[in-house]
Amino acid sequence: MVRHRSRLERAEQLGVAQARLSAGEPLRQVAPALGVARSTLRGWREAPPPEGVPEEVASALATPAGVQWLSRLVVALHLVITLRAAGGVRLVCECLELTGLSGLVGASYGSQQALNVALQEALVEEAKGQRDHLGAQMPAREVGVCVDETFDPAICLVAIEPVSNFILAEQYAADRTAATWRQTLEQALAGLPVRVIQGTSDEAGALRHLIEKDLGAAHASDLFHGQHEVAKGTGLPLARQARQADAAVAQAQAQLDAERAARQAHAAQSHHRRGRPPDFAARVDAALRTLVQAEAEQAEALARQTKARELIRELGHLDHPYHLETGAVQPVEAVRARFEQVWQRLSQLAEAADLPTRSRERIAKARRLTVHWLAYLSFFFVTVQTRVEAFDLPVELEQALYNALIPALYLQRVAARSSRAETSQRLAALSTTLLEPLRQPSHPLQQLPLATRQQLEVLAGDCADLFQRSSSCVEGRNGQLSFHHHGCHRLSDRKLAALTAIHNYHSRRAEGTTAAERFFAHPHPPLFDLVLARIPQLPPARRRRTRAPKPACLTPVAA
C-alpha cells in the first residue's frame, strides 16, 4: 500500500536527506535509511520550483519551519476573511492566486472550502473542550444575563453575560417562547457553577417570564427602549413642525423681498401713473411682521426639538444608582421625583407642540417603564447591602464602601462606556476624588491586611458591575450576525457555533483578555494555536496542463 506523507513529513525527510547527501553519503544508503524509495527521493530533490514563487521563497517554504508557517498563514486567512470579516472562501482563493502561493497550495474553491469546514469544526470542538476545562476550575459566581432575539432570517436566540461579554447561548430556534428560552439557558449553564440573579431585556412577555419566573431573577427593563419610544413619539412630529417653520420663514422672506423690490422699482420710474401711488410702506411693514412671526415660530419649533432631545438624554442621566455630578448615592424616592419632573416636562412639551394622539401614547408607554426602572434600582441597593453586610465589617468601613469605593468604581465603568471625551474625563476625575481619601495611610481601610483589602475591592467591583440597564451587548452581537447574513441565506449551525467560539475564546479587548478569561476568571491557551494543530495538511497545488487553443468557429475544414 502506498504511503502518503504529509507536507511537513516530506520537508523533514528531505532536509535530513540533503544534510546526509552533502556529507558524502550515497543516495542508495540515504533513501532506505529514511524509508523512502530512491526514485521518490530523487523526484523530491529534482522537483522544479513552483510557478509564480521566487526560488528563494520556495526554498524557504520547503523547510519544516516554512511548511508550518505556510499552514499558519492559510488558516489565518480563512479565520480572518471568512469568520472575522464575513467574507467568502473565494476571497481566500484570490489571495492565494495574487500572492503566487497557488503554486504551493491548492487554490481551487473545492479544496479551500473543505479546509474552511475543517477549521469551523476544529473551532467548535476546541471551544467545547475549553468550556469544560475552564468550567471545572471556575469559582462559584452570581451573574447577570442579557437576552434578545435576532431574525436574520430565522429566529436566533442570543444570551450574553454583560460584564465579561461572554456569549452563553447563541443558536437558532423554531420559536421564541419562554419554554424554548428556558431550555436554551439550561443547556448553556449546564455544568457551570453560576447563578443568574438579574437579567436585562426589553418588555417581551417571554423574556420577562424567563427572567422573573424561570430563573427567579430580577428583571431590568432596557433603558434604550423607553428612550426610543419617546424619540419615536417626538422626533418625527417635531421635525415636521421645524420643516414647516423653515418653509414659512423662507416664504415670508421671499414676500418681503418682493415688496421691497416693487417699492424700489416704482421709485426708479421717471413717469408714474395718475392717482394715488401704492402704499408700499404698509405692504413692507405687513410682510416684515409676517416674517418676524414666522421666525418666532421657527425658533419655538427648534427649541422644542432641542428640549425633547435634552429630556431624552436626561432619562439616561437619571437611571443610575449614583449621581453623575457628585458621586453621591441616589435614593429611590429622589430618582422617582426626578423622573416625574421629566415626564411632566415632556407632557407640557407635547401639549405646547400639539403632538398627535399616537405620539402621546408612545410617551405614556415609556412613562410606564419608570416603575420597572425604580424596582430594579431598589434590587440593586438591597443586593449591595446584603453583599457588604456578609463581610461583617465595622460601620465606618461599611460606609466607606457604600459612599466612596463602590460609587467610585461604578463611575469608572460609566466613564469607560461614555462616548464623549469631556464626560469620560469628568467622571474619571470624580472617581479619583472619591478614591483619594481611601488611599490615605490614616484611613481604616489601609489598616486591614492586604488580602482583605483585595477582597473588598473585588466585592466593590462586583457590586458596581451589578447594575446593568442596557442589553446593548446583545444588540451589537445581533448586528454582527446580520453582517454575516449578508453573504448567505442562513448561517449553518456549525458556522454559527464557530463564530461564537471566536467571540468567546479568540477576540481580545485592549487589555489583552478574551471573554472566556473574564467570565471563567482563568487564562486559556490561544484558540488559534489549538485549532492549528487540528487542521489537516494543506491541499496540494494543482498540476497545470497546457491545453491546445480552441480553433475559431469559422476556420475552414481541410478537404
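Side chains are part of it too, since the values below use all heavy atoms of this structure and drop only hydrogens, waters and symmetry mates.
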Report task. Taking H503 for its side chain and L499 for its backbone only, find out whether a donor-acceptor pair lies under 3.5 Å. Result -> no
Report task. Please check if the side chain of Q330 supplies one atom and the backbone of H320 the other of a donor-acceptor pair under 3.5 Å. Result -> yes
Query raised in the report: Taking the side chain as C-beta and beyond, is there a heavy-atom pair between T452 and F391 under 4.5 Å?
Result: no
Report task. Under the ring-ring contact (aromatic ring centres under 6.0 Å, His included) rule, collect the residues that match up with W373, sequence neighbours excluded. Result -> F339
Query raised in the report: Looking only at heavy atoms, what is the nearest atom pair of L157 and D175, with distance?
Result: CD2-O, 4.3 Å
Query raised in the report: Which heavy atom of A400 sits nearest a heavy atom of L445, and at what distance?
Result: CB-CD1, 4.3 Å
Query - Heavy-atom check, side chain of V163 versus side chain of R413, under 4.5 Å - result: no
Query raised in the report: Without hydrogens or angle criteria, can the side chains of H78 and Q112 be said to hold a donor-acceptor pair below 3.5 Å?
Result: yes
Requested in this report: Answer yes or no: does atom NZ of K365 have more than 12 heavy-atom neighbours from other residues, nucleotides or ligands under 6.0 Å?
Outcome: no
Report summary line: Smallest heavy-atom separation, C95 atom then L77 atom, equals CB-CD1, 4.4 Å
Query raised in the report: With the threshold set at 4.0 Å, does a side-chain nitrogen-carboxylate oxygen contact exist between D148 and R176?
Result: no
Report task. Answer yes or no: is there a side-chain heavy-atom contact under 4.5 Å between E475 and S470? Result -> no
Query raised in the report: How about H372: does its NE2 atom have over 12 heavy atoms from other parts shown lying under 6.0 Å from it?
Result: yes
Query raised in the report: Taking the side chain from T433 and the backbone from A429, do they hold a donor-acceptor pair closer than 3.5 Å?
Result: yes
Query raised in the report: Do other residues, nucleotides or ligands put more than 12 heavy atoms under 6.0 Å from L236 CG?
Result: no
Query raised in the report: Crowded around E389 CD? As in, over 12 foreign heavy atoms under 6.0 Å?
Result: yes
Requested in this report: Calculate, to the nearest 0.5 Å, the distance between atoms CZ and CD1 belonging to R477 and I167 respectively.
Outcome: 4.0 Å
Report task. Under the salt bridge (charged side-chain N to carboxylate O under 4.0 Å, His left out) rule, what do E126 and R534 come out as? Steps first, then yes or no, please. Result -> CA-CA 9 Å; E126 285 297 339; R534 284 177 169 265; 2.6 Å; yes
Query raised in the report: Is the backbone N or O of A516 less than 3.5 Å from a side-chain atom of N504, with the two atoms forming a donor-acceptor pair by type?
Result: no
Query raised in the report: Any side-chain heavy-atom pair from D493 and Q171 closer than 4.5 angstrom?
Result: no
Report task. Kindly indicate whether the side chain of F380, heavy atoms from C-beta on, has any atom under 4.5 Å from the side chain of L466. Result -> yes
Query - R338 and Q341: side chain donor to acceptor below 3.5 Å - result: no
Query raised in the report: If we only count heavy atoms from C-beta on, is the H219 to E203 side-chain gap below 4.5 Å?
Result: yes
Query raised in the report: With a 3.5 Å cut-off and no angle check, do the side chains of H133 and Q137 form a donor-acceptor pair?
Result: yes
Query - Residue pair N116 / Q120, side-chain donor-acceptor N/O under 3.5 Å - result: yes
Query - side chain to side chain contact (heavy atoms under 4.5 Å, CB included) evaluation trace for L83 with K495 - result: CA-CA 8 Å; L83 298 176; K495 186 169 184 178; 4.0 Å; yes
Query raised in the report: Which atom pair, heavy atoms only, marks the closest approach of N165 to C473?
Result: OD1-CB, 3.6 Å
Query - Point-to-point distance, once rounded to the nearest 0.5 Å, from CG of L409 to CG of L405 - result: 5.0 Å
Query raised in the report: Is a side-chain donor or acceptor of Q241 paired with a backbone partner of A353 at a separation under 3.5 angstrom?
Result: yes
Query raised in the report: Under the salt bridge (charged side-chain N to carboxylate O under 4.0 Å, His left out) criterion, do R336 and E333 qualify, and how do the steps go?
Result: CA-CA 5 Å; R336 186 196 306 275; E333 290 302 323; 3.3 Å; yes
Report task. Compare every heavy atom of L207 with every heavy atom of S201, then report the nearest pair and how far apart it is. Result -> OG-CB, 3.6 Å
Query - N/O donor-acceptor pair under 3.5 Å between Y376 side chain and Q468 backbone - result: yes
Query - Ionic contact status for E229 with K232, cut-off 4.0 Å - result: yes
Query - Partners meeting ring-ring contact (aromatic ring centres under 6.0 Å, His included) with F519 (sequence neighbours left out) - result: F166
Query raised in the report: Which heavy atom in A415 sits nearest to a heavy atom in S424, and how many Å separate them?
Result: O-OG, 2.9 Å
Requested in this report: Look up atom CZ in R426 and atom CG in L411, then write down how far apart they are to the nearest 0.5 Å.
Outcome: 9.0 Å
**Report entry** Flag side-chain contact, heavy atom, 4.5 Å: L456 against L393
**Finding:** yes
Requested in this report: Give a yes or no on whether the backbone of L374 and the side-chain of S378 come within a donor-acceptor separation of less than 3.5 Å.
Outcome: yes
Query - Modelled atom types, side-chain donor and acceptor of E170 and T500, under 3.5 Å - result: yes
**Report entry** Heavy-atom side-chain contact between T200 and R469 under 4.5 Å
**Finding:** no
Requested in this report: For the residue pair Y322 and F381, categorise the inter-ring angle as parallel (less than 30°), tilted (30 to 60°) or perpendicular (more than 60°).
Outcome: perpendicular
Query raised in the report: Are the side chain of R360 and the backbone of L355 linked by a donor-acceptor contact shorter than 3.5 Å?
Result: yes
**Report entry** Donor-acceptor pair, side chain of T184 and main chain of T180, under 3.5 angstrom
**Finding:** yes
Query raised in the report: Distance-only, no hydrogens or angles: does the R345 side chain make a donor-acceptor pair with backbone N or O of L311 under 3.5 Å?
Result: no
